[in-house]
Amino acid sequence: MLSNLAARRVRVLQTTFVRAFSGNAILKDFATVDPVNLSASSKLQNLCNGEWVGTKSWKNLIDPLDGKIIGKIPNPTQKNGELKPFIDSLLSCPKSGLHNPIQNPERYLLYGEVCKKAANLLDDPKISDFFCTLMQRVVPKSYAQCYGELEVTKKFLENFSGDNVRFLARSFANPGDHTGQMSQGFRWPYGPTALVAPFNFPIEIPVLQMMGSLFMGNKVLVKVDSKVSIAIEQFIRMLHHCGMPKTDLDLIHCEPKPMESILRRSKPRLIQFTGSSTVAERLSKLFNGKVKIEDAGFDWKILGPDVGDVDYVAWQCDQDAYAATGQKCSAQSILFVHTNWHKAGLLEKMEAQVARRSLKDLTIGPVMTWTNAQIEEHISKLLELDGAKVLWGGKKLTGHSIPAVYGSFEPTAIYVPIKHFTTKKKIALICTEVFGPLQVITDYKLNSLQRVMNTLDEIEHNLTAAVVSNDTDFINEVLGSTINGTTYAGRRARTTGAPQNHWFGPCGDPRGAGIGTPEAIRHVWSSHREIIWDMGPVPAEWESGTLPKPT
């Protein structure tokens, strides 16, 4: 008889074999590309009203690491009549949505089942590796970063398995004024909605937001940056395999102008946008504020006067600033270091962390939206400030074949003395977000903390922040005077991190969109509806036929 240990090992081997076999079989069922062998023959497709379709013209999908063509992207145009089906599809959705608490409530259960099946599939190593490798091909970042993104997505789907989609639409009731009357508050869908997502999290952001829309009963048109949208297409195909109705969601690979044309003509009742503040403001004006946005973030971290766990803090600062090549809306953009940390060698430890990053493992990689010339120009402007200097980096990467259209820059830190944080003009320069591996570092003493707080008050986009301290008085002073929507506080505080277990989004903007949690989904993808049930009985005196006087 096998020992308990040997028996467990056999079961593990059997499970691994079954999963590997089933994973390959399931991939064959839904996947239409091979991440390892992408080529010009790898064609993406649009999804409209349940049908996968191509277009008359195509654009090239480029490998960011070497510029080679790794696929063909649909290029729908109004001239070819390829936009109208998407417009008609959105217009076909009623304002009351595809389901709501009164109509088609069984669809809440359907999406709980879809989530369960999809989460189970992502547990399969073959399927998770498929998506991680696919993400790496189009937005090169370390495998660990890609796996972390997929893990968040899997846990999100686990969270909304079973009855938890139904619970998103939980209502409340209040007693009325008389017998038979009761008011009831409902979470109600918008109906036709649209989602526009960026390149940096090609699966996590669109999946968490589009599923939130679908959970609440909306139909959603999804557009992800075409440089990376191959990943979300394959994920949607997997969701179809898991039972998601094909007509609930439309996917379009296209340039910004065709998408804007579709939105103008279909007039969705809500647009959720994640990306640049410039586009967010344009959408807000075009659609009269019917948007929920999670846009730019010049994210700050303050190291308090109490020094400790220096190695850990240095490691976390490096992760916050440079993981995914700094291309996170939550990336550490500016670091305020209390002078006490200098004695502990914090900056030297941070520089040592930077030296561990390499193109070989993609812990540093292409900068997708900033060119080297743009990065160098911004650095030059910072260095014009008296006392400013390069702490590390400041040079272009060498020994690579990254196309010139993308940036390729060393992880960089520019020191700017706190004396410059005085005028709005200087603060605007210092606090310009570079969506890449560049951060500003300054130092302060407690007698200059107010200057730091004044600077934070000038920052327009209040997404993430961190107060690294275990001093409760210091933490409360900073937290009480700031408004960032996702703020970490304590010795282990970070700026990056958009897991499924807490709100991630800006604060201080009525258009602000969160992601991932029940509160975020309700806030973004549903509106409040009050129904007052008034069933009687009518008072007995009405039977006499005497009507009360009009008022």
Side-chain angles (χ1 to χ4, degrees), residues 108 111-123 128 131-132 135 141 144-170 187 195 197-198 200-216 235 239 272 274 292-294 297 299 301 312 315-316 319-320 323-324 328-332 462-468 470 475 479 482-507 512-526:
Y108 293 114
Y111 271 99
E113 188 68 15
V114 170
C115 287
K116 182 184 77 172
K117 291 178 179 178
N120 285 338
L121 289 187
L122 293 181
D123 259 335
S128 64
F131 284 113
C132 288
M135 283 190 280
K141 52 186 177 181
Q145 286 285 313
C146 292
Y147 186 81
E149 176 175 345
L150 200 67
E151 186 73 4
V152 166
T153 306
K154 186 194 78 172
K155 288 181 179 177
F156 168 85
L157 293 169
E158 289 173 344
N159 286 346
F160 292 101
S161 298
D163 280 329
N164 284 319
V165 175
R166 184 210 321 254
F167 292 155
L168 284 171
R170 188 190 302 274
R187 298 311 303 180
L195 164 64
N200 53 339
F201 289 88
I203 287 180
E204 180 184 339
I205 291 177
V207 171
L208 269 59
Q209 291 291 17
M210 74 190 195
M211 295 304 285
S213 180
L214 295 168
F215 292 164
M216 299 313 296
F235 201 95
L239 291 174
Q272 196 282 311
T274 302
K292 289 288 186 179
I293 60 177
E294 193 264 276
D299 305 303
K301 179 185 287 183
Y312 179 87
W315 174 84
Q316 187 64 67
Q319 284 292 109
D320 285 343
K328 298 183 180 183
C329 53
S330 56
Q332 177 180 298
N462 309 112
L463 185 56
T464 70
V467 187
V468 179
N470 282 343
I475 290 174
L479 294 182
T482 54
I483 67 169
N484 294 62
T486 303
T487 306
Y488 289 86
R491 184 61 54 73
R492 296 186 64 175
R494 54 182 176 159
T495 64
T496 57
Q500 71 297 328
N501 65 309
H502 67 65
W503 167 279
F504 181 88
C507 180
I515 189 170
T517 63
E519 292 78 16
I521 292 170
R522 293 187 194 103
H523 171 74
V524 174
W525 294 109
S526 69

Legend entry - Heavy-atom pair with the smallest gap, counting every atom of Phe156 and Met211: CE2-CB, 3.8 Å

Legend entry - Derivation and outcome, side chain to side chain contact (heavy atoms under 4.5 Å, CB included), residues Phe504 and Glu294: CA-CA 9 Å; Phe504 181 88; Glu294 193 264 276; 3.7 Å; yes

Inset, instruction - Working to the nearest 0.5 Å, report the span between CD1 of Ile205 and CD of Gln272. - result: 8.5 Å

Legend entry - Spacing of CG belonging to Asn164 relative to CG belonging to Leu157, to within rounding of 0.5 Å: 12.0 Å

Inset, instruction - Apply side chain to side chain contact (heavy atoms under 4.5 Å, CB included) to Met216 and Leu168, showing your working. - result: CA-CA 7 Å; Met216 299 313 296; Leu168 284 171; 3.8 Å; yes

Inset, instruction - Determine yes or no for a side-chain-to-main-chain donor-acceptor pair under 3.5 angstrom, with Thr486 supplying the side chain and Gly505 the backbone. - result: yes

Legend entry - For the student: nearest non-hydrogen atoms of Val152 and Glu204, plus distance: CG1-OE2, 3.5 Å

Inset, instruction - Give, for atom OG1 of Thr517 and atom CG of Asn159, the distance between the pair rounded to the nearest 0.5 Å. - result: 10.0 Å

Legend entry - Residue pair Ser128 / Leu122: nearest heavy atoms and the distance that separates them: CB-O, 3.6 Å

Inset, instruction - Determine yes or no for a side-chain-to-main-chain donor-acceptor pair under 3.5 angstrom, with His523 supplying the side chain and Gly512 the backbone. - result: yes

Legend entry - Pair Lys154 + Glu151, salt bridge at N-O below 4.0 Å: yes

Legend entry - Donor-acceptor pair between Asn484 and Thr464 side chains, under 3.5 angstrom: no

Inset, instruction - Output yes when a side-chain donor or acceptor of Thr495 lies under 3.5 Å from a complementary backbone atom of Ser330, and no otherwise. - result: yes

Inset, instruction - For the residue pair Thr487 and Leu479, establish whether any side-chain heavy-atom pair is separated by less than 4.5 Å. - result: yes

Inset, instruction - Check the side chains of Lys301 and Gln332 for a donor-acceptor pair under 3.5 angstrom, ignoring hydrogens and angles. - result: yes

Inset, instruction - Decide side chain to side chain contact (heavy atoms under 4.5 Å, CB included) for Met210 and Leu239; before the verdict, give the C-alpha distance in whole Å, the side-chain angles of both, and the deciding distance to 0.1 Å. - result: CA-CA 12 Å; Met210 74 190 195; Leu239 291 174; 3.6 Å; yes

Legend entry - Main-chain N/O of Gln209 paired to Trp525 side chain as donor or acceptor, under 3.5 Å: yes

Legend entry - Distance in Å, Arg492 CZ paired with Tyr312 OH, rounded so as to fall on 0.5 Å steps: 4.0 Å

Inset, instruction - Mind telling me whether Phe160 and Phe215 have parallel, tilted or perpendicular rings, with 30° and 60° as the class edges? - result: tilted

Inset, instruction - Give me the ring orientation class for Phe235 and Phe131: parallel if the planes are under 30° apart, tilted from 30 to 60°, perpendicular past 60°. - result: tilted

Legend entry - Derivation of the side chain to side chain contact (heavy atoms under 4.5 Å, CB included) call for Cys329 and Phe201: CA-CA 10 Å; Cys329 53; Phe201 289 88; 5.8 Å; no

Legend entry - CG on Asp299 to CG on Asp320, rounded to 0.5 Å: 9.0 Å

Inset, instruction - Would you confirm whether Gln316, through its side chain, and Arg494, through its main-chain N or O, come within 3.5 Å as a donor-acceptor pair? - result: no

Legend entry - Shortest non-hydrogen separation from Cys115 to Ser161 and the atoms involved: C-OG, 3.6 Å

Legend entry - Shortest non-hydrogen contact from Gly514 toward Ala520: C-CB, 3.5 Å

Inset, instruction - Indicate yes or no for a side-chain donor-acceptor contact from Thr153 to the backbone of Glu149 under 3.5 Å, with no hydrogens or angles considered. - result: yes

Inset, instruction - Please check if any side-chain donor atom of Lys328 sits under 3.5 Å from a side-chain acceptor atom of Gln145, or the reverse. - result: yes

